[in-house]
Amino acid sequence: ASIRHEVLFVYFSGTGIWVYYDAKQLRIDDYKWAWPAPAATPLATAVVVWLLWVIAFPMYIVFCQKILDGKISPKPK
């Protein structure tokens with residue numbers, strides 16, 4: 001593998017790890033699952049972002065901003 005592939009692997013992996021911890025801190029699993037949320041739990045979200053980075057990472061950022069802006073409601077308890 002070329003060094004470029006190794007750099008991309010590290011980059012995507014680092015982003016996936018950050019997404020996991022960020023989603024856990026936001027308690028993403030307390031919110032309604034709907035696009036643009038890439039997945040329903042922090043771990044699933046991190047895996048989806050790692051696998052489909054080009055699409056899922058921007059979607060995750062938008063989803064988090066909607067949570068912070070109050071545009072996405074928590075699941076009813």
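Just so you know, residue 1 is the first one in the sequence shown, and it goes up from there.
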Exercise. Of all heavy-atom pairs between W50 and S13, which one has the smallest distance, and what is that distance?
Worked result: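 Looking at all heavy atoms of both residues, the closest pair is NE1-OG, 3.0 Å.
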
Between L26 and Y60, the two heavy atoms sitting closest are CD1-OH, 4.2 Å

Output yes when a side-chain donor or acceptor of K75 lies under 3.5 Å from a complementary backbone atom of D29, and no otherwise.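 Flag set: sc K75 to bb D29 pair under 3.5 Å.
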
Spacing of [X] atom [atom1] and [Y] atom [atom2] [to the nearest 0.5 Å]:
| X | Y | atom1 | atom2 | answer |
| --- | --- | --- | --- | --- |
| T41 | R27 | OG1 | CZ | 13.5 Å |
| W53 | Y11 | CH2 | OH | 4.0 Å |
| I72 | C64 | CD1 | SG | 8.5 Å |
| K66 | I61 | NZ | CD1 | 13.5 Å |

With a 4.5 Å heavy-atom cut-off, do [X] and [Y] have their side chains touching?
| X | Y | result |
| --- | --- | --- |
| Y31 | I67 | yes |
| F63 | I28 | yes |
| V10 | E6 | no |

